Visitor: 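One structure, as structure tokens, below. Some questions next.
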Amino acid sequence: MLDDIYHALDPVAFSVGPFAVRWYGIGYVLGFAVAALLLYKVSKRWKLRIDADSVLTIMVCVIIGIIIGARLGYCLFYGNGYYLSHPLEIFAINQGGMSFHGGLIGALVSGIVAAKITTIPYLTLADLGAIAATLGIFMVRCANFINGELWGAPTDLPWGVVFGGAAGDMPRHPSQLYEGILEGLVIFAVLFAMSFKKPTLPRGSFIGVFLVMYGVFRVLIEFVREPDIQLGYLAFGWVTMGQVLSLPLIIVGAAVLIYAAKTKRPQEGIRRSSSSSDRPDTSTQS
């Protein structure tokens, strides 16, 4: 019989004087950096007209959208009414509390702004974003594991982890790693492989697959993930808020895939204005 695996990871990566850098923050920063690189590289392989300035504009919009959406989503979906009576606590991001589903909504809404500014078609932007986001999801889920948060239900499997603290002394599913592997690496592998298909799949194909796969994986993982203590199970002794929020993703993703298959619109980059379409591009990159 294997000995229990004890969680003994420090959530603080390093400190400089009173300033502490946490793995969670590093996960976000690396995730955004990798996302920007993937977005740029895939757009070049698709031969889309997207320059570095546009990538920067997209990332600024999306970062703002994700942070605001993730925080507001947590307060709305998981706050259980606490933030209605303590509204100033909404701004206490340093105390933790971010929701993936809220962050996704924030990213999709801010993507509309980015599409308007850059003139890149929204669904092309969403497709590129779907591919780019997956490795960031993996990194943040790994940071969740390092933090010893969002642990799973008790298990007697040999890889169960004793998180201690509020999680108690019983081995639990490392559900953070399950999510990182399925929602991050597996979806990335599928979408990245799809991105090499010739001709390039029509607009909406990638975000549609992302939404369906994420929704399915999240619903399944919730069966071995401990529900948030302030909410518990919502119904039948097994339905969680994560499942309730993920089921619509499957429906919306399927609808987007049907739309993409029917419209068959090609992926496009920055749209040239009619006044400059006949003139050579004399702009320089810095």
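Keep in mind that what you see is a predicted model, and the values were worked out from it rather than measured.
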Visitor: Determine, step by step, whether F100 and I137 satisfy the side-chain contact (heavy atoms from CB on, under 4.5 Å) criterion, reporting the C-alpha distance in whole Å, the side-chain angles of both residues, the deciding distance to 0.1 Å, and the verdict.
Guide: CA-CA 9 Å; F100 169 83; I137 293 173; 3.7 Å; yes

Visitor: Please check: side-chain N/O of K264 versus main-chain N/O of A261, any donor-acceptor pairing under 3.5 Å?
Guide: yes

Visitor: Indicate if L245 and W238 have the same hydrophobic cluster label, given that clusters are the connected sets of ILVMFWY residues with side-chain heavy-atom separations under 4.5 angstrom.
Guide: yes

Visitor: If you round to the nearest 0.5 Å, how far is CD1 of I58 from CG of L128?
Guide: 7.5 Å

Visitor: Quick one: are the ring centres of F206 and W46 less than 6.0 Å apart?
Guide: yes

Visitor: Show me the pairs that pass side chain to side chain donor-acceptor pair (under 3.5 Å) and involve residues 215-225, at least two apart or across chains.
Guide: E179-R225, Y214-R218, R218-E222, E222-T240

Visitor: For Y178, give me all partners under ring pair (Phe, Tyr, Trp, His ring centres under 6.0 Å), at least two apart in sequence or on another chain.
Guide: H173

Visitor: Could you tell me if the side chain of M98 sits less than 4.5 Å from the side chain of Y28, heavy atoms only?
Guide: yes

Visitor: Decide if atom CD1 of I229 counts as having more than 12 heavy atoms of other residues, nucleotides or ligands within a radius under 6.0 Å.
Guide: no

Visitor: Is it true that L177 and I5 fall in one hydrophobic cluster, defined by side-chain heavy atoms closer than 4.5 Å?
Guide: yes

Visitor: Assess the side chains of Q230 and N80: does a donor N or O sit below 3.5 Å from an acceptor N or O?
Guide: no

Visitor: Just to verify, what does F188 make a ring pair (Phe, Tyr, Trp, His ring centres under 6.0 Å) with, not counting sequence neighbours?
Guide: F192

Visitor: Measure the OG-CD1 distance between S43 and I50 for me, rounded to the nearest 0.5 Å.
Guide: 4.5 Å

Visitor: Do W159 and P174 touch side chain to side chain, with heavy atoms closer than 4.5 Å?
Guide: yes

Visitor: Hey, mind stepping through T155 and R172 against side-chain hydrogen bond (donor to acceptor under 3.5 Å, both in side chains) and telling me if it holds?
Guide: CA-CA 5 Å; T155 181; R172 294 179 175 275; over 6 Å; no

Visitor: Looking at every non-hydrogen atom in both residues, tell me the closest pair between I146 and P11 and how far apart they are.
Guide: CG2-CA, 4.0 Å

Visitor: Excluding sequence neighbours, so at least two apart, what forms ring pair (Phe, Tyr, Trp, His ring centres under 6.0 Å) with H7?
Guide: F145, F163

Visitor: Given side-chain contact (heavy atoms from CB on, under 4.5 Å), test V256 with V252 step by step and report yes or no.
Guide: CA-CA 6 Å; V256 172; V252 172; 4.2 Å; yes

Visitor: Considering only residues two or more places apart or on different chains, which pairs with a residue in residues 243-258 satisfy side chain to side chain donor-acceptor pair (under 3.5 Å)?
Guide: H101-S246

Visitor: Going by heavy atoms in the side chains, are L211 and I250 under 4.5 Å from each other?
Guide: no

Visitor: Give me each pair satisfying side chain to side chain donor-acceptor pair (under 3.5 Å) with a member in residues 125-134, each pair once, sequence neighbours excluded.
Guide: D127-Q267

Visitor: Which heavy atom of I120 sits nearest a heavy atom of A115, and at what distance?
Guide: O-CB, 3.3 Å

Visitor: For residues 15-24, please give each side-chain donor-acceptor pair under 3.5 Å, one per line with the distance, not counting sequence neighbours.
Guide:
| unit_1 | atom_1 | unit_2 | atom_2 | d |
| --- | --- | --- | --- | --- |
| W23 | NE1 | D10 | O | 3.4 |

Visitor: Kindly give the cluster partners of V12, where membership spreads through any ILVMFWY side chain lying under 4.5 Å from a current member.
Guide: none

Visitor: So, taking the atom named OG in S110 and the one named CD1 in I66, what distance separates them when rounded to the nearest 0.5 Å?
Guide: 6.5 Å

Visitor: Q176 and G148: which non-hydrogen atoms are nearest, and at how many Å?
Guide: NE2-C, 4.5 Å

Visitor: Quick one: are P266 and T200 in side-chain contact, heavy atoms under 4.5 Å?
Guide: no

Visitor: For I64, enumerate each residue passing the side-chain contact (heavy atoms from CB on, under 4.5 Å) test, keeping only those at least two apart in sequence or located in another chain.
Guide: V60, I68

Visitor: Can you give me the closest heavy-atom contact between A132 and A35, atom names plus distance?
Guide: CB-O, 3.3 Å

Visitor: Taking the side chain as every heavy atom from C-beta outward, state whether F210 and I131 have any pair of such atoms under 4.5 Å apart.
Guide: no

Visitor: Establish whether I270 and V113 are linked, either directly or via other cluster members, by ILVMFWY side-chain heavy-atom contacts under 4.5 Å.
Guide: no

Visitor: Please give me the minimum heavy-atom distance between P202 and A260, naming the atom from each residue.
Guide: CG-O, 3.7 Å

Visitor: How long is the span from the CD1 atom in I181 to the CD1 atom in I187, to the nearest 0.5 Å?
Guide: 12.5 Å

Visitor: So, using ring pair (Phe, Tyr, Trp, His ring centres under 6.0 Å) as the criterion, who are the partners of Y74 when residues are at least two apart?
Guide: Y78

Visitor: Would you kindly confirm whether F138 and L37 end up in one hydrophobic cluster when ILVMFWY residues are joined by side chain heavy atoms under 4.5 Å apart?
Guide: no

Visitor: Could you report the tightest heavy-atom contact between A92 and R71, atom names first, then the distance?
Guide: O-NH2, 3.5 Å

Visitor: Decide yes or no for L38 and K41: does some side-chain heavy atom of the first lie under 4.5 Å from some side-chain heavy atom of the second?
Guide: no

Visitor: How far does CG of L150 sit from CD1 of I221, to the nearest 0.5 angstrom?
Guide: 11.5 Å

Visitor: I'd like to check S175 versus E226 (side-chain heavy atoms, cut-off strictly below 4.5 Å). Are they in contact?
Guide: no

Visitor: For the backbone of L231 and the side chain of D228, can you confirm whether one donor and one acceptor N or O come within less than 3.5 Å of each other?
Guide: no

Visitor: In terms of hydrophobic clustering (I, L, V, M, F, W, Y; side-chain heavy atoms under 4.5 Å; direct or indirect links), are M241 and V216 co-clustered?
Guide: yes

Visitor: Between atom CG of L185 and atom CD of E183, what is the distance when rounded to the nearest 0.5 Å?
Guide: 11.0 Å

Visitor: Is there a donor-acceptor pair under 3.5 Å between the side chain of T118 and the backbone N or O of A114?
Guide: yes

Visitor: Does NZ in K44 sit with more than 12 non-hydrogen atoms of other residues, nucleotides or ligands closer than 6.0 Å?
Guide: yes

Visitor: Quick one: side chains of residues 81-91, donor-acceptor pairs under 3.5 Å with protein atoms, not counting sequence neighbours, listed by atom name and distance.
Guide:
| unit_1 | atom_1 | unit_2 | atom_2 | d |
| --- | --- | --- | --- | --- |
| S85 | OG | Y82 | O | 3.0 |
| H86 | ND1 | Y82 | O | 3.0 |

Visitor: For L123, enumerate each residue passing the side-chain contact (heavy atoms from CB on, under 4.5 Å) test, keeping only those at least two apart in sequence or located in another chain.
Guide: R203, I207, Y259

Visitor: With no hydrogens and no angle check, is any side-chain donor or acceptor of R265 less than 3.5 Å from a backbone partner on G204?
Guide: no

